[in-house]
2 protein chains.
Amino acid sequence: MKDVAARAGVGLKTVSRVVNGEPGVTPDTVRRVQESIDALGFRRNDSARVLRKGRTASIGLVLEDLADPFYGPMSRAVEEAARAHGALLIHGSSAEEPDREQELVLALCARRVDGLVIVPASDDHRYLEPEIAAGVATVFVDRPAGRIDADVVLSDSFSGARDGVAHLIAHGHRRIGFIGDRPRIHTATERLRGYRTAMAEAGLRVDDSWVALGSTEPERVRATACAMLDGAGQPPVTALFCGNNRVTVTVVRVLNGRVRPVALVGFDDFELADLLSPGVTVIAQDAAQLGRTASERLFRRLDGASDAPSHFLLPTRLIPRGSGELPPPADAL
Amino acid sequence: MKDVAARAGVGLKTVSRVVNGEPGVTPDTVRRVQESIDALGFRRNDSARVLRKGRTASIGLVLEDLADPFYGPMSRAVEEAARAHGALLIHGSSAEEPDREQELVLALCARRVDGLVIVPASDDHRYLEPEIAAGVATVFVDRPAGRIDADVVLSDSFSGARDGVAHLIAHGHRRIGFIGDRPRIHTATERLRGYRTAMAEAGLRVDDSWVALGSTEPERVRATACAMLDGAGQPPVTALFCGNNRVTVTVVRVLNGRVRPVALVGFDDFELADLLSPGVTVIAQDAAQLGRTASERLFRRLDGASDAPSHFLLPTRLIPRGSGELPPPADAL
DNA sequence: CTGAAAGCGCTTACAG
DNA sequence: CTGAAAGCGCTTACAG
């Protein structure tokens, strides 16, 4: 910038004015400065700008896994909001590890992002208190914040799961298995609670062997599903409820290799669910809406809103496609 | 930092040393400074650091659409590489619009990212020349750079498409349709070239109505596929080759609603392709490897490599699953 | 309409 | 082992 000013024979401030399109510069001066900028290949350094202005016009998005299709529409919604507000998006995965989440979030804070959208892997976010106090707008999405009071946007996991399990019960099932994500994850325990509530409301017993929380790795899900379907020494389950899309996809593969039909309802919709045979009945959540709601909240805070942290609960929707409407086999009743 | 130094009764430089874990500070001093940092809730401002050091330890990733599942594994691979090198990832979508690509890329350059990984939407990247000259390492992936010489990592679209179409021909098809992405997109025209080559090598004629490049929007793909399958006044095609995963998914939906079986091979693998009936035969490319190769190249440049721009061409793999092995109907020969 | 001075929060190069 | 000075490249607040 110094060089540009020297070459154009003007002051630093005038170059700054031209670069930022500020008014109050003679057209002729503008031309001279512009020529000088082009000749020298000048490119404004936003780091220096940030240092003076305070705001970086960037927000951080931390989620579990960039490649999980569930987060695709959510990321896009956050990106669109950022773009609409002239901000850039810094994106990172926690790989579901609390330490990695914290490391990433603090790195983003050191870069002075204006705000954060976090799908938490950790259950203790007290490490964020100084950052929030220092003005970093923070919104948690998909799962709640741990041990701090903050804005949160969730899908209604409990009601969704209860609806899904009630649907299976309405179609005649009495022995229903639940396969979900690790118990540390809030959505996993909420969906399990929905399952238990639906069963209790129907006056049905839940055998311990029908419930499995754990890693969503295909190997583990496959083994779990097979155990429930083969019913070690007792009557097997006639229906399965899956806690998220990763589990559902693996269970669909398992069922595909079996002759006896098993009813299935999965939490989360996924592409092509309608083209499988049977189509997979799901509890759909609106991932894009999750992202939109969170970003809206975030940018409202950046615009100065200082009301108490809010909690949004987005409804889910049951989409019947065939797999959830299969009756139990006649000999299983 | 000034406050921390004052409170601890030391100089600025000593605080800097403690914050960065540099050696040459008495344990006792370290303790005093650390206590001061904690008490004041000090958080280092990386913007200032960047301003002095020159490097930002961040890289930009620009692609078409954050929510497209094809880019998930690629993004993850780039993120892993960034993480391994202590860099953060700034992520943005071009929405396939050249202007938006340029705007985003230049914004990333103004933030002084150390490097860029770009899936280009534009076909003219001369706007990047000053940036590259100024030292921004740049690698293009999935599609080549336009009008500049730069590092490029591609899948072998031509050979992949030729293999796929030859596969259909080997299974008896003579009238094969090609539905691809917009002609502006390099992969679309390369795959079309593969199609034409395979047809020519088999001595087969290509009717103009069998080839359609254009938007991958479901409505347009659906209409195009129906026109080819109904053969306006002439014998219909007995097989379709789809130019990418978005097209394939829509065509699978179209075929699902028809009685007459039609053979299908799609470029790009996708989740659950094997569970459809019939399973969808695809030309798979390794999206994660695309990301890994590009990042490796990028970080090698950041480590000082200054050899001529290189061009990588990654092989594709035909995965037969049923849809590509369907013979033409007996009355169609 | 234009510019000189001070400062954002760090690090570099140097001296003690 | 420790620190004062200068500077990274901008913008702010002010004066002309």
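All figures in this text were calculated on a predicted structure; none of them were measured in a lab. Below, chain A is the first sequence line, B the second, and so on; all start at residue 1.
Residue-environment remark: CZ (A:R300) stays at or below the threshold of 12 foreign heavy atoms within 6.0 Å.
Under a 3.5 Å cut-off, the side chain of A:S47 and the backbone N or O of B:L51 do not form any donor-acceptor pair. Put simply, the side chain of A:T56 gets close to the backbone of A:R112: a donor and an acceptor are under 3.5 Å apart. Not a single donor-acceptor pair under 3.5 Å links the side chain of B:T187 to the backbone N or O of B:I185.
Residue A:V19 is classed as having no contact, given no heavy-atom separation below 4.0 Å to the nucleic acid. Counting non-hydrogen atoms under 4.0 angstrom, A:R17 reaches a base of the nucleic acid. Base contact: B:K13 has a heavy atom under 4.0 Å from a base atom. Nucleic acid contact class of B:N20 (heavy atoms, under 4.0 Å, all strands): sugar-phosphate only. Heavy atoms of B:V50 sit nowhere under 4.0 angstrom from any nucleic acid atom.
When rounded to the nearest whole Å, the span between CZ of A:R49 and P of C:dG9 equals 17 Å. Per the geometry, CD belonging to B:E22 stands 12 Å off P belonging to C:dA13, to the nearest Å. Protein atom CG of B:L12 is 8 Å distant from nucleotide atom P of D:dA4, rounded to whole Å. Regarding A:D3, its CG atom lies at a distance of 11 Å from the C1' atom of D:dG9, rounded to whole Å. Note: NZ (A:K2) to C1' (D:dC10) measures 12 Å, nearest angstrom. Straight-line distance from the CZ atom of A:R111 to the C1' atom of C:dC10: 14 Å, rounded to whole Å. Nucleotide C:dT11 holds its P atom 10 Å from the CG atom of B:N45, rounded to whole Å. When rounded to the nearest whole Å, the span between CE of A:M1 and P of C:dG3 equals 12 Å.
Side-chain N/O atoms of B:S47 include none lying less than 4.0 angstrom from OP1 or OP2 on C:dC10. Taking only side-chain nitrogens and oxygens, B:K53 never comes nearer than 4.0 Å to OP1 or OP2 of C:dC10. In this structure, B:S16 reaches the C:dT11 phosphate: one of its side-chain N or O atoms is under 4.0 Å from OP1 or OP2. Applying the 4.0 Å criterion to OP1 and OP2 of D:dC1, one finds that B:T14 has every side-chain N and O outside that range.
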Dot-bracket encoding of pairs in DNA chain C, which uses [ ] for pseudoknotted crossings and | for another strand, Watson-Crick or G-U under 3.5 angstrom: |||.||||||||.|||

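Residue B:R112 places no side-chain atom within donor-acceptor reach of the base of D:dG9, judged by atom type and a 3.5 Å distance cut-off alone.
Each of B:E190, B:E101, B:E64 was scored for a salt bridge (charged side-chain N to carboxylate O under 4.0 Å, His left out) with B:R143, with one residue passing: B:E64.
Listed nucleotides C:dT2, D:dT11, C:dC10 differ in distance to A:T29; the shortest reach to its side chain belongs to C:dT2. Among the nucleotides D:dC8, D:dC10, C:dT11, the one closest to any side-chain atom of B:R44 is C:dT11.
To the nearest 0.5 angstrom, B:R49 atom CZ is 7.5 Å from B:S16 atom OG.
For B:R301 and B:D114, the salt-bridge test fails: no basic side-chain N is under 4.0 Å from an acidic carboxylate O.
When each of B:R52 and A:V25 is assigned the nucleotide of DNA chain C with its nearest heavy atom, A:V25 is the one assigned upstream, toward the 5' end.
The aromatic rings of B:H91 and A:H91 sit tilted relative to each other, their planes meeting at an angle between 30° and 60°.
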